[in-house]
*Asks:* 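Submitted below is the structure of interest, expressed as structure tokens.
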Protein chains: 2
Amino acid sequence: MFWDRFDGVRDNLMVTPLEKARRDPNSMKARILDSARKLFGENGYSGTTTRMIAKAVGIDISTLYYHWGEKADLYDAVLMATQEGLKQQLKNIEKVIHGKPLPERLEIAINMSCDYLSQNPEITNLILLNYFTNSQNGDIPNFNFIDIISDIAISMGLAMDKDKITKQAKARVMAVMLSLFNFIAGKKFLSPIIGAGSEEYLSVVKETLNFILIPAFIQGKNETL
Amino acid sequence: MFWDRFDGVRDNLMVTPLEKARRDPNSMKARILDSARKLFGENGYSGTTTRMIAKAVGIDISTLYYHWGEKADLYDAVLMATQEGLKQQLKNIEKVIHGKPLPERLEIAINMSCDYLSQNPEITNLILLNYFTNSQNGDIPNFNFIDIISDIAISMGLAMDKDKITKQAKARVMAVMLSLFNFIAGKKFLSPIIGAGSEEYLSVVKETLNFILIPAFIQGKNETL
DNA sequence: TATTTTCTCCATCAATTGATGCAAACATGT
DNA sequence: ACATGTTTGCATCAATTGATGGAGAAAATA
């Protein structure tokens, strides 16, 4: 019986399903999570069925439900994993730009972010789709934006204390993020409109972001927020 | 029999369903279109069912199908109507700002656009949701962005000829639009993050857009695109 | 009024959806 | 080999989806 097994703490007792999946990237849990992330990113929550995910992994839906339970729970885990990856990437950028003057900091940050996000396009899709559909639909789990916004605000020198960030500063960071995310997430839609090929698109985006953001934040540097 | 009626051209022979609906705003067609626009804007294409729309109008689904046929056709009409409204509003703005110097033009355009879009929030939702889901899903009708982009580019003095707009100019206009659209569409999601109430939110957004866009486009005014 | 056309709703369809029960397969330790 | 718990897939469920046929009501036409 299970209560006979007192030989120490069973290590997955206090471990979240997401963490369990991350420990072994080849586990069924992790494979499902990967496919789910891709598909949710492509089609959104209601546009993605559990059968689509199961088929992508090559398993039966009941196996999926065995590992992750409800569809909403799986989606929640996908958002968590995405969020973690993004935060990790922000830390990497922070390391590189630390100490440098603001214009250079911005340029490097834009450059690195563009590269990272365009190499993992499902991230921006996932976040933006979530925040659109979720702004109206309360029963879908939602992405935690505020942490990331705060981190960036501090990194960009718009605030000192994580708890004392002005509305204006948050809004400015948000504008930056939204532009960037939209350009990446909407690549397939926007690149034909702009009339640029895949490689050219990324450089046009970088140039545009630099064009728009750098003068604003240089000018506003000494402004009181 | 219908072929006996040769008393002139029957005027709705060459009339699109959308136009027919616009002629009489109280017609069933128009009422369905209105509810559909609202719901598609709130929940996206796959998140909105024909039954939801019918229920909102207070009719049976078969009545809806009688008037609009396939769900995709109705969605298409919704996008068309939205697009027309947006273009009309752009013309209004153009009239007001015509002849004024660039910084003022930008400020007025931002101001008017913000007001218009926040009074018709389903517009931005519709467009953004469409462009996200459609960037991957080809069988859903899609919004015609390029016309609007071109109009704005000319109005902002980034180009002279509608057929000769550089990639950079298009990208810059797009960045402006995307920021604005996202702030409006994401109001419910973003305002708690910023920490602003409903009225305050709009003014913070306007301020932020001015802060970011005006220096960029002033600086870049004499640049060769 | 009579007839034709336009409209509305009920009932129903097949396909798809999220979700589960159960038995067989697999692994793991004794 | 045995008993244990862990995975997996088949079959199936009720609910929901987009969509239609047909009967009758309403409106227009004669």
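The sequence lines fix the lettering, A, B, ..., with proteins before strands; numbering per chain opens at 1.
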*Asks:* Would you confirm whether D76(B), through its side chain, and A72(B), through its main-chain N or O, come within 3.5 Å as a donor-acceptor pair?
*Replies:*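 Answer holds: no.
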
*Asks:* Does a side-chain N or O of H67(A) approach OP1 or OP2 of dT6(D) to a distance below 4.0 Å, or not?
*Replies:*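 Looking at the OP1 and OP2 atoms of dT6(D), neither is under 4.0 Å from any side-chain N or O of H67(A).
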
*Asks:* To the nearest angstrom, how far is I53(A) atom CD1 from dT16(C) atom C1'?
*Replies:*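 So the CD1-C1' distance, I53(A) to dT16(C), works out to 15 Å.
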
*Asks:* Taking N130(B) for its side chain and L126(B) for its backbone only, find out whether a donor-acceptor pair lies under 3.5 Å.
*Replies:*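 Answer holds: no.
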
*Asks:* How long is the line joining CD1 of I59(B) and P of dA25(D), in whole Å?
*Replies:*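 For the pair I59(B) CD1 and dA25(D) P, the rounded distance is 20 Å.
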
*Asks:* I'd like to know if the side chain of T48(A) pairs up with that of K71(A) as donor and acceptor (distance under 3.5 Å, no hydrogens or angles considered).
*Replies:*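 No - no donor-acceptor pair under 3.5 Å links their side chains.
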
*Asks:* Among the candidates dT8(C), dC10(D), dG18(C), find the nucleotide nearest to the side-chain atoms of R51(A).
*Replies:*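 Closest of the options to the side chain of R51(A): dG18(C).
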
*Asks:* Measure from NZ on K55(A) to C1' on dT16(C) and round the result to the nearest Å.
*Replies:* 13 Å

*Asks:* Nearest to the Y65(A) side chain among dA19(D), dG9(D), dG18(C), which nucleotide is it?
*Replies:*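 Selected nucleotide (nearest to the side chain): dG18(C).
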
*Asks:* Which residue lies toward the 5' end of DNA chain D, S62(B) or T63(A), if each is placed at its nearest nucleotide?
*Replies:* T63(A)

*Asks:* Could you tell me the separation between the CG atom of L64(B) and the C1' atom of dG18(D), rounded to a whole number of Å?
*Replies:*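 These atoms are roughly 11 Å apart.
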
*Asks:* Go through dC10(D), dG18(C), dC10(C) for me and flag the one nearest to the D60(A) side chain.
*Replies:*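 So the nucleotide nearest the side chain must be dC10(D).
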
*Asks:* Within this structure, what is the CE-to-P distance between M28(A) and dA25(C), rounded to whole angstrom?
*Replies:*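 Distance, rounded to whole Å: 19 Å.
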
*Asks:* K71(A) has an atom NZ; how far is it from atom C1' of dG18(C), in whole Å?
*Replies:*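 Spelled out: NZ on K71(A) to C1' on dG18(C) is 8 Å.
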
*Asks:* Go through it in stages, so that I can follow the logic: the residues are L202(B) and K206(B), the test is side chain to side chain contact (heavy atoms under 4.5 Å, CB included), and I'd like the CA-CA distance, side-chain angles, deciding distance and then a yes or no.
*Replies:* CA-CA 6 Å; L202(B) 198 60; K206(B) 284 179 184 176; 4.2 Å; yes

*Asks:* What integer distance in Å separates W68(B):CH2 from dG18(D):P?
*Replies:* 17 Å

*Asks:* Within this structure, what is the CD1-to-P distance between I61(B) and dC13(C), rounded to whole angstrom?
*Replies:* 14 Å

*Asks:* From the options dT6(C), dG18(C), dT12(C), select the nucleotide whose nearest atom is closest to the side chain of Y66(B).
*Replies:* dT6(C)

*Asks:* Test your reading of the model: is there a side-chain donor-acceptor pair from W68(B) to the backbone of D73(B), 3.5 Å cut-off?
*Replies:* no

